[in-house]
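Structure, as structure tokens:
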Amino acid sequence: MIIAMKVGSPEVEVDRLCNDLEMNLGLTPEKISGRYKVVIGLIGDTAQLDPRQLEEKSPWIEKVVRVERPYKRASLEFRQGEASEVVVSTPDGPVVFGLHHPLVVIAGPCSVENEEMIIEAAQRVKAAGAKFLRGGAYKPRTSSYSFQGHGENALDLLAVAKEKTGLGIITELMDAADLPKLTEVADVLQIGARNMQNFSLLKKVGAQDKPVVLKRGMSATIEEWLMAAEYILAAGNPNVILCERGIRTFDRSYARNTLDLSAIPVLRSLTHLPIMIDPSHGTGRSEYVPAMTMAAIAAGTDSLMIEVHPHPAKALSDGPQSLTPDRFDQLMQEMAVIGKTMNRWPQQEPVLA
Ligand code: PEP
Ligand code: MN
């Protein structure tokens, strides 16, 4: 259930109401301050509560709405239809993910392979305009015989790349035991498709402060994905970004996955959380990545994660879907055209109303 307060409600009144709800009804009120309004989310057993009775608790209450969805905090209703922002601090300053902000580009190799390649990748993607470097230290490989990532050594190399470029770092967490070491270098933690429903891992990343990119499971419905996000939000971390990375469909003969771009408008209608698209895992082929990148921007994504490798043919993982730095440079220029049209391109002059 949520309580929408009237615009201009005094803070003391909101606090008094929260206190009343907690003390007298045994609920956990969560105060959410949006751009214009304050909303109080009520967590707990609200099944027997009558919304009209609640409305009488304060003259500052605009309305009380029951949220029927199985995900509450992730729902759009929970924020009264307002998109939320995820602000990430990076050495170069804060970067904001969200509907009312410029598109954020994350780029880099699938895995961190050695110092030379990660530094080259970092410098090139930075020069092209990316704000974050991606790179796996712990890799979730389907075959136990495939390259598993360099683990802690890779994290150290990501730290060097961060230091040299000022880029934010995003890297995947597979095992909660790696959390302390990972959070030393990562500005954003990635939960991969294969762990989308690893509920104990979700609770762990929910109980720490770093923002989380939650990838969609390869066979997950949108509702299952949002319920997975709810685990992180419910554990106390409000900073979740949803990343569509392609789902399994019947046709795998040409593309590795089916990139579900319809997830963008669907998510917009269901959740306030920022959206990211990964056209690299979404297609599995570098030649398909540019078209899907452009389509994702046109469909209104808030951010993109693109695999870039200095020498894709020599990559230890996901070479076929990785762009060369030169192709990435070119793509960023192509993206600018659509990004400007959508009024989502960095450093763009505001469009006068
Ligand atoms: C990755 O980003 O390299 C990765 C393994 O992604 P996913 O979890 O989407 O397969
Ligand atoms: Mn990959």
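Just so you know, these numbers come straight off a predicted model, no measurement behind them. When a residue number appears, it is its place in the shown sequence, counting from 1.
Using modelled atom types and a 3.5 Å distance limit, the side chains of Q208 and T183 yield no donor-acceptor pair. Between the side chains of Q321 and H281, at least one donor-acceptor pair of N or O atoms lies under 3.5 Å. Side chain to side chain, S200 and N198 meet the donor-acceptor criterion of an N or O pair below 3.5 Å. A donor-acceptor contact under 3.5 angstrom links the side chains of D260 and S262, judged on distance only.
Looking at V112 and H150, their side chains never come closer than 4.5 Å, going by heavy atoms from C-beta outward. Taking the side chain as every heavy atom from C-beta outward, D329 and R124 approach each other to under 4.5 Å. At a threshold of 4.5 Å between non-hydrogen side-chain atoms, the residues S219 and E224 do not count as touching. Using a 4.5 Å heavy-atom cutoff, the side chains of S84 and P274 are in contact. Side-chain contact between M294 and V337 is absent, with no heavy atoms from C-beta onward closer than 4.5 Å. Under the 4.5 Å side-chain criterion, counting only non-hydrogen atoms from C-beta, L214 is in contact with M196. Residues R216 and I247 are in side-chain contact: their nearest non-hydrogen atoms beyond the backbone lie under 4.5 Å apart. Taking 4.5 Å as the limit, some side-chain heavy atom of L173 sits within range of a side-chain heavy atom of D178.
Using a 4.0 Å cut-off between charged side-chain N and carboxylate O, K37 and E62 make a salt bridge. In this structure, D318 does not pair ionically with K139, as no charged nitrogen and carboxylate oxygen lie closer than 4.0 Å. For R52 and E55, the salt-bridge test fails: no basic side-chain N is under 4.0 Å from an acidic carboxylate O. Between K181 and D156, at least one side-chain N (NZ, or NE/NH1/NH2) sits under 4.0 Å from a carboxylate O, which counts as a salt bridge. A salt bridge is defined here as a Lys NZ or Arg NE, NH1 or NH2 lying under 4.0 Å from an Asp or Glu carboxylate O, and D15 with K31 meets this definition. A salt bridge is defined here as a Lys NZ or Arg NE, NH1 or NH2 lying under 4.0 Å from an Asp or Glu carboxylate O, and E307 with R134 meets this definition. Salt-bridge check for R73 with E30: passed, with a basic side-chain N closer than 4.0 Å to an acidic carboxylate O.
With S111 contributing its side chain and G136 its backbone, the two residues share no donor-acceptor pair below 3.5 Å. No donor-acceptor pair closer than 3.5 Å links the side chain of Q123 to the backbone N or O of A121. In this structure a side-chain-to-backbone donor-acceptor pair under 3.5 Å is present from N237 to K210. Between the E230 side chain and the K72 main chain, a donor and an acceptor come within less than 3.5 Å of each other. Judged purely by atom type and a 3.5 angstrom limit, D251 uses its side chain to pair as donor or acceptor with the backbone of S253.
Test V86, L233, T271, L202 against V240 for side chain to side chain contact (heavy atoms under 4.5 Å, CB included) and you get one pass: L233.
Listed by first then second residue, pairs satisfying salt bridge (charged side-chain N to carboxylate O under 4.0 Å, His left out) with a partner in residues 281-301 read R285-E287, not counting sequence neighbours. Sorted by first then second residue, the ring-ring contact (aromatic ring centres under 6.0 Å, His included) pairs that include residues 212-242, not counting sequence neighbours, are F199-Y231.
L273 and I32 end up in different hydrophobic clusters when Ile, Leu, Val, Met, Phe, Trp and Tyr side chains are linked at under 4.5 Å. The cluster map of Ile, Leu, Val, Met, Phe, Trp and Tyr, joined by side-chain heavy atoms under 4.5 Å apart, puts I61 and M1 in the same cluster. Criterion: ILVMFWY side-chain heavy atoms under 4.5 Å apart, direct or through other members. Under it, V104 and I191 are not part of a common hydrophobic cluster. Connection of V160 to L167 is established within a shared hydrophobic cluster, with ILVMFWY side chains joined at heavy-atom distances below 4.5 Å, either directly or through further cluster members. Residues M227 and L76 fall into different hydrophobic clusters, defined by Ile, Leu, Val, Met, Phe, Trp and Tyr side chains chained together at heavy-atom separations under 4.5 Å.
Closest non-hydrogen pair, E82 versus G34, comes out as OE1-CA, 3.2 Å. Contact detail for A161 and T165: the closest heavy-atom pair is O-OG1, 2.7 Å. The minimum heavy-atom distance between P310 and M117, with the atom names listed, is CG-O, 3.6 Å. Closest approach of V213 and C243 over heavy atoms only: CG1-CB, 3.7 Å. The minimum heavy-atom distance linking S89 with D187 is given by the pair O-OD1, 3.3 Å. When every heavy atom of V67 is checked against every heavy atom of S75, the shortest pair comes out as CG1-OG, 3.7 Å.
R327 contributes atom CZ, which lies 4.0 Å from atom CD of Q330 (distance to the nearest 0.5 angstrom). Taking CG of L267 as the reference point, atom CD1 of I275 lies at 4.5 Å (rounded to 0.5 Å). Atom CG in L189 sits 6.5 Å away from atom CG in L179 (nearest 0.5 Å). Here CD of E120 is found 9.5 Å from NE2 of H309. Values are rounded to the nearest 0.5 Å. For the atom pair M23 CE and C18 SG, the distance stands at 11.5 Å (nearest 0.5 Å). Expressed to the nearest 0.5 Å, how far CE of M174 lies from CZ of R194 amounts to 9.5 Å.
In the displayed structure, E11 atom CD is contacted under 6.0 Å by at most 12 heavy atoms of other residues, nucleotides or ligands. More than 12 heavy atoms of other residues, nucleotides or ligands lie within 6.0 Å of CG in N24, so this atom counts as buried by the packing criterion. Atom NZ of K162 is surrounded by more than 12 heavy atoms from other residues, nucleotides or ligands within 6.0 Å.
Qualifying ring pair (Phe, Tyr, Trp, His ring centres under 6.0 Å) partners for F97, counting only residues two or more places apart in sequence or in other chains: F132.
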Problem set entry | M305 vs I170, side-chain contact (heavy atoms from CB on, under 4.5 Å): CA-CA, chis, key distance, verdict | CA-CA 10 Å; M305 184 193 271; I170 163 161; 3.6 Å; yes
For this session: Check step by step if side-chain contact (heavy atoms from CB on, under 4.5 Å) holds for T293 and M335.
Result: CA-CA 8 Å; T293 300; M335 285 158 71; 3.7 Å; yes
Problem set entry | Verdict with supporting geometry, L54 and L25, side-chain contact (heavy atoms from CB on, under 4.5 Å) | CA-CA 10 Å; L54 272 187; L25 297 176; 3.8 Å; yes
For this session: In sequence, state the C-alpha distance, the side-chain angles, and the governing distance for D302 and L99, and then conclude on side-chain contact (heavy atoms from CB on, under 4.5 Å).
Result: CA-CA 6 Å; D302 301 321; L99 180 60; 4.3 Å; yes
